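Here is the structure we will look at, set down as structure tokens.
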Amino acid sequence: MAGVSGLLLIPVVGPLLVAGVLLVLPGRIRLHRVGAFATMAVVLVAGLVLLVRTSDGAVPVLRVGGWPGPIAISLAADALSALLVTVTAVVVLCCLVSAVGSGDDSRPYFLPLVLVLTAGGSGAFLTTDLFNLFVLIEVMLVPSYVLLSLAGGAGRGGAGRVYVATNLLGSTLLLAGVAFVYGTTGAVGLGELAGAARDEPTVAVACGVVLLALGVKSALVPLHDWLPRTYPVVSPVVVALFSGLLTKVGLYAVIRIYAVVYGGDPGYRWLLGAVALLSMVVGVLGAVGADSMRRILTFHMVSQIGYVLLGLALFTAAGLAAAVYYLAQYILVKAALFLCAAAVRAGRGTDRLEGSGGLAGQRPALALAFAGAALSLAGLPPFSGFVAKFLLLRATAETGAWLAMAVAVLVSLVTLLSMLKIWSALFTGAPPASSSVAKRIGPTLVGPPLALAGLSLAAGLAAQPLLVVADTAAAGLRDPAGYVRAVSGR
């Protein structure tokens, strides 16, 4: 496993090193593109190798500098973290292609900032202690502040203030929570904290502060208001990047901490379930009333996160496997939809629903990409979203969670209605008077969402490989003893 452990550095150190080189070579856009694409291709290969090596439950660990477990900066990969590193690398590569088509990558320092963002997100998936989780989330957030200001539209000033203020508050709360945990236990490593929150009420309160901060980062209801107030004014390509990394890192950390530190304590499952159902309902109702493609999709981010959290709240083997499968495919689908919004905005100059129709006839490939991703988001066959929701509904039935099942089905129906709202307004509605503007939607804008929608279709028609990974990840969350042994060095 020594050679495999070395791969854990690539998703973190690789993008940071290349970003540092590109930052001192401003204005050389071709070099920036080659560096960014090559780096993310290497990260994707490393993620795939880690995914294969962890598919049997193995947990490769790297302790930087060879220091012992409690002291070293440690990185570890299990099936869940390897899957998320791989999926986000795919999304970032697709976003880089779309950035070429939209012109976003020509903005100063855009590509180095994307690489730093990716390094922070990948590191957060791989780190094994709470303090480094905080550090890596900040590594991810700092470039996001700049990207928001670089690629924002009208209203970006106010949205930027909301975004920065909310995330700084969440970061302060997270750091305070980590300090509280250290003060009560003398440790911040997940291996040393395993089961501590289940056994000690004081530790449970301290970790509760951490989870509250992560709830802000994840945009869980009722801590979600900042998301629909900021994302709709940012470039759709940048939002696609954010959707695959920012809120998903927070959600991943919630899953990991509840499984390892709380040991899946059943006393808190009702709270997780309530937050999940509220997020599903509030998010989808916000989408119904929205008047632009980005705003609708942003509200659906809140709603769909609730589905993942519901699987965690069940904390059965079936529920956790459904949550892992749902999270992986949802990152792909949501990125596809935001990249469709990027193509629409490039062709029409706006993604508002009114007066921007006719795209199905003018750009059938774009219509196909949107239709596939939208049907997957709504949970219709044969796409991956159907498999994910079927697994989740089956898990709720097995535990007798009939209310959760009913809410999940109703939210899916309303999700479909909101997707039809976008379809009828932008794709089959009346085109604007100057319809020739749609000719600017080139293959670099249509190709990425079409590829991601194709991956969703493939994951639905041939779901078994992803299901195997999801089952392995679920087994590691249900019984984290192997992960704990690996990361603690015991």
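Quick caveat, the model's predicted, so the values are computed rather than measured. We're numbering straight along the sequence, starting at 1.
In this model, a donor atom of one side chain and an acceptor atom of the other lie less than 3.5 Å apart for Ser171 and Glu138. Judged purely by distance below 3.5 Å, without hydrogens or angles, the side chains of Ser243 and Lys248 never pair a donor atom with an acceptor atom.
Annotation for Val42 and Ile10: closest pair CG1-CG2, 3.8 Å, computed over non-hydrogen atoms. Minimum heavy-atom separation, Gly177 to Val210: C-CG2, 3.5 Å. Contact between Ser488 and Gly191 at its shortest, heavy atoms only, is CB-CA, 3.9 Å. Contact detail for Val91 and Ala335: the closest heavy-atom pair is CG1-CB, 3.7 Å.
No donor-acceptor distance shorter than 3.5 angstrom exists from the side chain of Asp78 to the backbone of Val59, with no hydrogens or angles considered. Distance alone, capped at 3.5 Å, places no donor-acceptor pair between the Thr127 side chain and the Gly123 backbone. Checked by atom type and distance alone, the side chain of Thr185 pairs as donor or acceptor with a backbone atom of Val181 at under 3.5 Å. For Gln329 (side chain) and Tyr326 (main-chain N/O), a donor-acceptor pair under 3.5 Å exists by modelled atom type. A side-chain donor-acceptor contact under 3.5 Å links Lys217 to the backbone of Asn167. A donor-acceptor pair under 3.5 Å links the side-chain atoms of Ser218 to the main chain of Leu251, judged by distance alone. The backbone N or O of Leu22 lies less than 3.5 Å from a partner atom in the side chain of His32, making a donor-acceptor pair. At least one donor-acceptor pair under 3.5 Å links the side chain of Thr230 to the backbone N or O of Leu227. Within the 3.5 Å criterion, the main-chain N or O of Gly385 finds a donor-acceptor partner in the side chain of Ser376. The main-chain N or O of Val216 is found under 3.5 Å from a side-chain atom of Trp226 such that the two form a donor-acceptor pair.
Between atom OG1 of residue Thr54 and atom CG of residue Leu80 there is a gap of 9.5 Å, rounded to the nearest 0.5 Å. Expressed to the nearest 0.5 Å, how far CZ of Phe131 lies from CD1 of Ile73 amounts to 9.0 Å. Note that CG of Leu190 and CG of Asn132 are 10.5 Å apart. Values are rounded to the nearest 0.5 Å. Between atom CZ of residue Arg198 and atom OH of residue Tyr262 there is a gap of 12.5 Å, rounded to the nearest 0.5 Å.
For Tyr268 and Tyr258, the ring centers are positioned 6.0 Å apart or more.
Using a 4.0 Å cut-off between charged nitrogen and carboxylate oxygen, Arg294 and Asp351 count as a salt-bridge pair.
Cation-pi geometry between Lys389 and Tyr307 is met: under 6.0 angstrom from the ring centre, within 45 degrees of the axis. For the pair Arg256 and Tyr483, the cation-pi test (distance below 6.0 Å, angle within 45°) is passed.
Looking at Leu246 and Tyr231, their side chains come closer than 4.5 Å, going by heavy atoms from C-beta outward.
For the pairing with Leu272, the side chain to side chain contact (heavy atoms under 4.5 Å, CB included) check across Leu211, Leu314, Leu312, Leu277 returns one residue only, Leu312.
Around atom CZ of Arg229, no more than 12 heavy atoms belonging to other residues, nucleotides or ligands sit under 6.0 Å away. Within a 6.0 Å sphere centred on OH of Tyr109, heavy atoms belonging to other residues, nucleotides or ligands number 12 at most.
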